[in-house]
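Structure record follows, encoded as structure tokens.
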Amino acid sequence: MADMKDIQDGKPLTLRRQIALTAKLSTPAIIAQLSTILMQYIDASMVGRLGADAAASVGLMNSSLWMFWGVCNMLTMGFSVQVAHRLGAKDTTGARSVLRQGLTACFIAGAIMALIGIAISGRLPLWLGGTDAIAEGASVYFVVFVSALPVLTLNYLAGGMLRCAGNMKIPGLLNVAMCLLDVVFNFFLIFPTRDIAIAGQTLTMPGAGLGIFGAALGTVAAECLVAAVMIWYLCRRQHDLALTGAEARKSYRPTRAILRKATTIAAPMTAEHIIFCGAQITITIIVAPLGVIAIAANAFAVTAESLCYMPGFGIGEAATTLCGQSYGAGRFDLVKRFCHLTTALGIAVMTVMAVIMYLCAPAMMALMTPVDAIAALGTEVLRIEAWAEPMYAASIVAYGAFVGVGDTLVPAVMNFGSIWLVRIPLAAILAPVTGLRGVWIAMCAELVFRGLIFLWRMKTGKWLKAGRTPEAEGLPAEA
């Protein structure tokens, strides 16, 4: 069975061994992503039982939360990719140095993002077009999540570095644990004390009755507990990265060389994510005048759709690891082969998931809301979106491969250019005429376009600058 050491040691990898290694890394990453989505399903389903206003409050803030979470995640990638390159070059000392500096820099970045989020939390729901009926709940939901950003940012860093080191199992297992913890916490925090009939017996289940606040608090508590374990494992147990003995006592102060390289990698991704989420927020503003039913249906459909595309993100994480370590080892032909192989796998998996989503859309929506009008509208837009999933997979996985070699600027421009030049104008034109259906038709068209341009860039090979290694880019082994 092939493993990451085969890449680092320069051993030949047949197509069969490449496929085996891709599957080995992709499978736990897909499971991790699916568990995350299951957690979102559970949250949406529980909040949906509180009524349309509660569902709309959460749905209104989702795009803004994605922006804050995503920015923190993108910032950590500047350090994780450097670790992949250094491990590929068998420079474990340099990799540990990047880890130490990343812990400091990412915690500070998370704290800054938290302060910004708290400062705007009171007015944000109104800026997004929310009514007074849902604004207070939306603000409470948002502020709980952003307050935890320093810890969550370290969680993103730890998970990213473990994956870039080839360890997909631990992040996957911990994501499953987070899902289970989320269920337990939400069960007791969202609803008040109530009687439940089980096997003919009536049981009184205690509950805090905190509603939307309980939903946010339960999820954040689960994420923070898992973050603590993830960070501990990375820093104490992960082979080639553990900070023990003398390594733990070295400097954690970020150096100019590491920060400069991290900025070069992360800045385009971060800017792209901000602009991309700005577009998502614009979509929210376009949807808001369509009413509470449309807001809730849009939020639930986005959650339901994620079941289809999150496996693509899992494969994209594997692509980042495989291409990043191959790049660090100077094996540029192998980088191309892994890029093509993982992209093909992503398209295949998400095509199957799209068929499942199309057929099961009514059941998926019924799980999340008892309101028939919301479920019916959500089912319609999900079936529209199913047609875009194969090309969406192409953009997700190819992007992961490009990130692995540090190529982030052009793909970032492609991502936000596509959404602003195709999706937003189409949605603005169609929404007044066809309502929420028009917004999702615009999304479908844009995702197909985006996938095609990513496949075109992959074919040109311009994303891979052969001949570059971490040392050639001016990064000393111990920075």
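Just so you know, these numbers use all the heavy atoms, side chains as well, and skip hydrogens, waters and symmetry mates.
Between Leu426 and Met443 the shortest side-chain heavy-atom distance does not fall below 4.5 Å. Proximity of Tyr399 to Met414: side-chain heavy atoms (C-beta onward) are nowhere separated by under 4.5 Å. Side-chain atoms of Phe107 and Thr153, non-hydrogen and from C-beta on, never get closer than 4.5 Å to each other. Residues Thr270 and Met77 fail the side-chain proximity criterion, which asks for heavy atoms closer than 4.5 Å. Contact of the Met161 side chain with the Val98 side chain is registered, since non-hydrogen atoms from C-beta on lie closer than 4.5 Å. Side-chain atoms of Met230 and Leu234, non-hydrogen and from C-beta on, never get closer than 4.5 Å to each other. Two residues are said to be in side-chain contact when any heavy atoms from C-beta on lie closer than 4.5 Å; Ile285 and Trp127 fail this criterion. Residues Cys235 and Ile231 have side chains in contact (heavy-atom distance under 4.5 Å, counting atoms from C-beta outward).
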Please determine whether side chain to side chain contact (heavy atoms under 4.5 Å, CB included) holds for the pair Leu243 and Arg236, giving the CA-CA distance in whole Å, both sets of side-chain angles, and the decisive distance to 0.1 Å.
CA-CA 6 Å; Leu243 301 178; Arg236 306 299 294 181; 5.6 Å; no
Set out, in order, the CA-CA distance, both residues' side-chain angles and the distance that settles side chain to side chain donor-acceptor pair (under 3.5 Å) for Asp182 and Thr219, then state yes or no.
CA-CA 5 Å; Asp182 183 51; Thr219 302; 2.8 Å; yes
Using side chain to side chain contact (heavy atoms under 4.5 Å, CB included), reason through Ile258 and Phe79 one step at a time and then give a plain yes or no.
CA-CA 8 Å; Ile258 294 297; Phe79 297 94; 3.8 Å; yes
List the steps, then state whether side chain to side chain contact (heavy atoms under 4.5 Å, CB included) holds for Met391 with Leu455.
CA-CA 9 Å; Met391 284 299 97; Leu455 289 176; 4.0 Å; yes
So Phe185 and Leu217, side chain to side chain contact (heavy atoms under 4.5 Å, CB included) or not? Walk me through it.
CA-CA 8 Å; Phe185 292 157; Leu217 185 63; over 6 Å; no
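A pairwise comparison of heavy atoms in Trp420 and Pro425 identifies O-CD, 3.1 Å as the closest pair. Looking at every heavy atom in both residues, Gly312 comes nearest to Val397 through O-CG2, 3.7 Å. Closest heavy-atom contact between Tyr309 and Glu389: CB-OE1, 3.7 Å. Residues Ala388 and Leu447 share a closest heavy-atom pair of CB-CB, 3.9 Å. Looking at every heavy atom in both residues, Leu87 comes nearest to Ala95 through CD2-CB, 3.8 Å. Closest of all the heavy-atom pairs between Gly346 and Ala393 is O-CB, 3.4 Å.
Trp440 places no side-chain N or O within donor-acceptor distance of the main-chain N or O of Leu382, the cut-off being under 3.5 Å. Side chain of Gln325 to main chain of Cys164: a donor-acceptor pair is present (N/O by atom type, distance under 3.5 Å, no hydrogens or angles). Listed for the Arg450 side chain is no donor-acceptor partner under 3.5 Å among the backbone atoms of Ser395. Glu385 places no side-chain N or O within 3.5 Å of a backbone atom of Val381 that could act as its donor or acceptor partner. At least one donor-acceptor pair closer than 3.5 Å links the side chain of Gln101 to the backbone N or O of Thr255. With hydrogens and angles disregarded, no donor-acceptor distance shorter than 3.5 Å links the side chain of Thr92 to the backbone of Asp240. With Thr321 contributing its side chain and Arg163 its backbone, the two residues share a donor-acceptor pair below 3.5 Å. Put simply, the side chain of Arg423 never gets that close to the backbone of Ala442: no donor and acceptor are under 3.5 Å apart. Distance alone, capped at 3.5 Å, is enough to place a donor-acceptor pair between the Asn167 side chain and the Lys169 backbone. With hydrogens and angles disregarded, no donor-acceptor distance shorter than 3.5 Å links the side chain of Thr320 to the backbone of Gly404.
The aromatic rings of Phe402 and Phe454 sit parallel, their planes meeting at an angle under 30°, below the 60° perpendicular limit.
Within a 6.0 Å sphere centred on CH2 of Trp387, other residues, nucleotides and ligands contribute 12 heavy atoms or fewer.
Here the CD1-CD distance, from Ile441 to Glu446, works out to 14.5 Å after rounding to the nearest 0.5 Å. Atom CG in Leu162 sits 7.5 Å away from atom CG in Leu241 (nearest 0.5 Å).
Legend: residues meeting salt bridge (Lys or Arg N to Asp or Glu O under 4.0 Å) with Arg457, ordered by chain and number and at least two apart, are Asp407.
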Could you tabulate the donor-acceptor pairs under 3.5 Å formed by side-chain atoms of residues 332-343, not counting sequence neighbours?
residue	atom	partner	partner atom	Å
Thr342	OG1	Phe338	O	2.7
Thr342	OG1	Cys339	O	3.2
Thr343	OG1	Cys339	O	2.8

Report all side-chain donor-acceptor pairs from residues 139-152 shorter than 3.5 Å, counting only partners two or more places apart or in another chain.
residue	atom	partner	partner atom	Å
Ser139	OG	Ser121	O	2.8
Ser147	OG	Val143	O	2.7

